[in-house]
Engineer: 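I have a structure here, written as structure tokens, and I will follow up with some questions on it.
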Number of protein chains: 2
Amino acid sequence: MTTIRDVAKEAGLSTGTISKALSHPERVSKKNLEKVEAAILKLNYKPNMLAQKFRSNTANTIVVMVPDIANLFFAKVISGIESVAQRAGYNVLLGDTRDSSNKEKDFIRMVETRLADGVINLRPYKENDSLLPKAGVFAVSASSCEGTPYSSVRIDNAGAANKVVRHLIQQGHKRIGVISGLKTNPHTRDRMKGYLQALESQGIEFDESLVIEGDFNYWSGISAAEQFYHMENRPSAVFCMNDEMAIAAMKGFIDKGLRIPQDISITGFDDMDVSKYVVPTLTTVAQPAEKIGEKSAEMLLDMIQGKVTENKEYVFPYEFIIRESTSAFTEKTK
Amino acid sequence: MTTIRDVAKEAGLSTGTISKALSHPERVSKKNLEKVEAAILKLNYKPNMLAQKFRSNTANTIVVMVPDIANLFFAKVISGIESVAQRAGYNVLLGDTRDSSNKEKDFIRMVETRLADGVINLRPYKENDSLLPKAGVFAVSASSCEGTPYSSVRIDNAGAANKVVRHLIQQGHKRIGVISGLKTNPHTRDRMKGYLQALESQGIEFDESLVIEGDFNYWSGISAAEQFYHMENRPSAVFCMNDEMAIAAMKGFIDKGLRIPQDISITGFDDMDVSKYVVPTLTTVAQPAEKIGEKSAEMLLDMIQGKVTENKEYVFPYEFIIRESTSAFTEKTK
DNA sequence: CTGAAAGCGCTAACAT
DNA sequence: ATGTTAGCGCTTTCAG
């Protein structure tokens with residue numbers, strides 16, 4: 001292995017000069033700079049970045065904790081994070097936690113042990129079930145929920161849900177079902193809040209039996225659709241808390257012979273790519289996933305670099321996209 | 001910052017003992033082990049892993065280079081990589097290259113500068129356009145193509161394409177269109193090879209006009225469908241080189257009033273989750289993405305740990321999944 | 001602008 | 001089993 005000392009010897013200079021030539025070339029004479037370059041080339045010298053980081057005590061690395069990297073929404077957020085990090089000369093360490101707080105602990109430890117400078121968490125904050133915030137570790141919560149007690153970036157989930165449901169109501173729907181995420185999930189909570197607000201503002205009474213708990217995955221959407229299908233007084237529209245369940249529900253209803261949107265309107269949440277592809281295309285809420293990632297990374301870097309000290313919350317606008325899966329309520333044409 | 005020396009002082013032991021207590025607790029007396037533990041707890045000591053890595057000259061990190069992390073197939077491969085790496089105590093650094101070889105260079109440099117021990121590349125090997133293999137950097141190509149000159153993990157793309165097309169032919173189709181990836185893409189090449197083999201083995205002459213070049217993205221599928229639609233002698237089946245273009249093509253044909261599969265059969269490649277959701281569901285080839293990731297990581301770790309020295313190629317079985325988007329050829333019922 | 005030298009926090013001989 | 005000590009490769013004063 002060739003070290004900085006070898007280069008120094010080859011160039012007939014001191015290690016200090018080599019070091020400076022590498023980090024602050026403008027403070028080294030042109031003549032010596034050339035010598036250094038030549039020596040490096042000749043010896044094929046590659047600085048040991050581990051030593052560099054150790055010595056300078058800065059990892060230039062952030063870790064991203066994600067419950068499931070094979071989830072397109074998360075992948076997009078990460079993509080945004082990566083691009084900002086890269087531009088700033090930071091590396092991103094991937095922390096697939098599989099929703100295990102044990103693993104989260106390991107990843108947080110990385111910043112405590114100086115392997116990383118900060119962490120971005122893609123799992124929304126939940127009281128009594130969160131390792132963050134933690135003193136001494138810079139962190140931001142990306143795609144967070146209301147009331148996150150550390151820096152966070154999100155959309156107004158409640159507001160978006162409210163908007164969707166109001167739209168449905170304005171279309172004449174009165175019995176509006178919900179396929180929710182797990183009830184313990186913070187996003188479920190926020191979106192539920194919006195649903196309730198919409199009903200209330202329009203003077204519609206809440207009917208608990210119209211809420212079926214899902215888990216944000218495909219099969220729970222199928223199963224919920226089945227349950228709705230067999231209801232005596234079936235809702236004329238269903239607000240699904242993500243696109244995956246919405247698409248599943250559509251499939252479930254279609255397989256039972258219902259037409260969408262003529263017989264039942266469906267809305268999703270997230271605007272995955274697929275939502276444009278499915279037949280009928282899905283009315284949904286678009287979250288700027290990539291931008292959420294970018295903003296999160298920017299905020300974290302600002303904290304790491306000491307440009308910002310207090311916690312901040314950044315709320316992105318969402319976009320309500322009306323497609324083919326919803327239509328005005330019409331009396332059953334059984 | 002509290003260092004190992006502080007702990008030593010607090011515990012009344014030497015730094016050497018503390019170090020050993022941390023790495024080889026079995027070689028330290030129980031009594032002292034307790035003292036160490038107490039001191040660590042009291043001082044809230046966190047070992048500086050940067051120092052550790054520097055000293056031991058091992059990063060325990062692998063980097064994954066991916067052309068686009070927001071591509072579900074890649075995300076799944078990464079998920080597999082992560083789980084193996086994690087289990088082995090390795091971290092994974094994410095390298096979103098956006099298909100730029102400049103960025104690839106930076107990431108490869110990470111292993112040259114000891115920041116990482118090896119690299120997994122998700123971009124298939126292409127002659128005269130590859131920074132890998134490179135002396136001194138352990139690497140494996142995941143989801144690779146035929147003829148990759150370093151360790152690689154893939155499925156038999158040509159074989160899979162052959163199988164799909166033969167199936168179509170056995171169903172009575174004779175004019176079989178292709179929506180390919182970019183012609184320069186190695187996977188396009190391998191799959192094209194399978195297509196040609198299938199035609200030849202069944203005595204069907206190749207018609208170049210039936211191949212439309214796409215780029216693996218949605219819009220290219222739409223545009224290709226449009227072109228096929230306007231052909232005088234339209235094919236009765238279209239082999240698409242990935243699911244995204246297949247789904248787009250279906251949408252394109254449906255919007256023109258064609259029925260799938262009655263008027264035209266469509267096949268995909270990859271078996272994305274969506275492919276089960278779309279209407280009609282898509283006949284396609286499933287690649288074990290997660291397993292490809294796992295195997296790649298295992299191979300890389302074996303190389304890093306010196307268990308394996310020569311290059312290996314691992315070929316996973318694929319799965320041909322027949323769904324609703326294909327059916328037997330019938331004379332036009334115009 | 002350059003060189004000398006100290007030392008970052010830790011590990012791993014080696015000696016005890 | 002434990003302590004002592006010499007660095008790992010680099011950066012960064014501090015003199016010159």
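This structure is a prediction, so every number in the text was calculated from the model and none was measured. Chain naming here is simple, since letters A, B, ... match the order of the sequence lines and numbering starts at 1 in each.
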Engineer: With sequence neighbours excluded, give me every side-chain hydrogen bond (donor to acceptor under 3.5 Å, both in side chains) pair touching residues 39-50 of chain B.
Structural biologist: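 As it turns out, the side-chain hydrogen bond (donor to acceptor under 3.5 Å, both in side chains) pairs with a partner in residues 39-50 of chain B, which skip direct neighbours, are B/E10-B/K42, B/N44-B/K46.
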Engineer: Grab the CG-C1' distance between B/N57 and D/dG9 for me, whole Å please.
Structural biologist: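 Going from CG in B/N57 over to C1' in D/dG9 covers 10 Å.
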Engineer: For C/dC8, take OP1 and OP2 only and decide whether either is under 4.0 Å from a side-chain N or O of A/R114.
Structural biologist: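 For C/dC8, OP1/OP2 do not have a side-chain N/O of A/R114 under 4.0 Å.
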Engineer: When you measure from the side chain of B/D190 to the backbone N and O of B/H187, does any donor-acceptor pair fall under 3.5 Å?
Structural biologist: no
Engineer: I'd like a table of donor-acceptor pairs (distance under 3.5 Å, sequence neighbours excluded) in which one partner is a side-chain atom from residues 15-22 of chain A, with atom names and distances.
Structural biologist:
| from | atom 1 | to | atom 2 | distance (Å) |
| --- | --- | --- | --- | --- |
| A/T17 | OG1 | A/S14 | OG | 3.2 |

Engineer: Does anything in residues 47-77 of chain A form a ring-ring contact (aromatic ring centres under 6.0 Å, His included)? List the pairs, not counting sequence neighbours.
Structural biologist: A/F54-B/F54
Engineer: List in chain and number order the residues that pass side chain to side chain contact (heavy atoms under 4.5 Å, CB included) with B/K9, two or more places apart in sequence or in another chain; answer none if no residue qualifies.
Structural biologist: none
Engineer: Mind checking what makes salt bridge (Lys or Arg N to Asp or Glu O under 4.0 Å) contact with B/E313, not counting sequence neighbours?
Structural biologist: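 If we apply the salt bridge (Lys or Arg N to Asp or Glu O under 4.0 Å) test to B/E313, skipping adjacent residues, the hits are B/R154.
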Engineer: Round to the nearest Å and state the distance from B/K53 atom NZ to C/dC10 atom C1'.
Structural biologist: 14 Å
Engineer: Report the distance from atom CZ of B/R27 to atom C1' of C/dA12, rounded to the nearest whole Å.
Structural biologist: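 In whole Å, C/dA12 C1' and B/R27 CZ are 11 Å from each other.
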Engineer: On the nucleotide D/dG3, are OP1 or OP2 found under 4.0 Å from the side-chain N or O atoms that B/S14 carries?
Structural biologist: yes
Engineer: May I have the step-by-step check of side chain to side chain contact (heavy atoms under 4.5 Å, CB included) for B/T184 and B/T188, ending in yes or no?
Structural biologist: CA-CA 7 Å; B/T184 54; B/T188 300; over 6 Å; no
Engineer: Rounding to an integer number of Å, can you tell me how far A/M49 CE sits from D/dG9 C1'?
Structural biologist: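 It works out to 13 Å between those atoms.
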Engineer: To the nearest Å, how far apart are A/N48 CG and C/dC10 P?
Structural biologist: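 In whole Å, C/dC10 P and A/N48 CG are 17 Å from each other.
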Engineer: Could you tell me the separation between the CZ atom of B/R5 and the P atom of D/dG7, rounded to a whole number of Å?
Structural biologist: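 Going from CZ in B/R5 over to P in D/dG7 covers 16 Å.
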Engineer: How would you list all residue pairs meeting side-chain hydrogen bond (donor to acceptor under 3.5 Å, both in side chains) that involve residues 119-132 of chain A, not counting sequence neighbours?
Structural biologist: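 Every side-chain hydrogen bond (donor to acceptor under 3.5 Å, both in side chains) pair that includes a residue of residues 119-132 of chain A, provided the two are not neighbours, is A/E104-A/R123, A/R123-A/D129.
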Engineer: Heavy atoms under 4.0 Å is the rule here; annotate nucleotides 11-16 of chain D 5' to 3' with B where the base is hit, S where only the sugar-phosphate is, and - elsewhere.
Structural biologist: BB----
Engineer: Using whole Å, what does the distance between atom P of nucleotide C/dT11 and atom CG of B/L50 come to?
Structural biologist: 13 Å
Engineer: For DNA chain D, which residues of residues 33-43 of chain A approach it to below 4.0 angstrom with any heavy atom?
Structural biologist: none
Engineer: If you check every side-chain atom of B/L13, which of D/dG3, D/dG9, C/dG9 has the closest atom?
Structural biologist: D/dG3
Engineer: For A/Q86, what residues pass the side-chain hydrogen bond (donor to acceptor under 3.5 Å, both in side chains) criterion, not counting sequence neighbours?
Structural biologist: A/E82, B/K103
Engineer: Just how far, in rounded Å, is C1' of D/dC10 from CG of A/N60?
Structural biologist: 15 Å
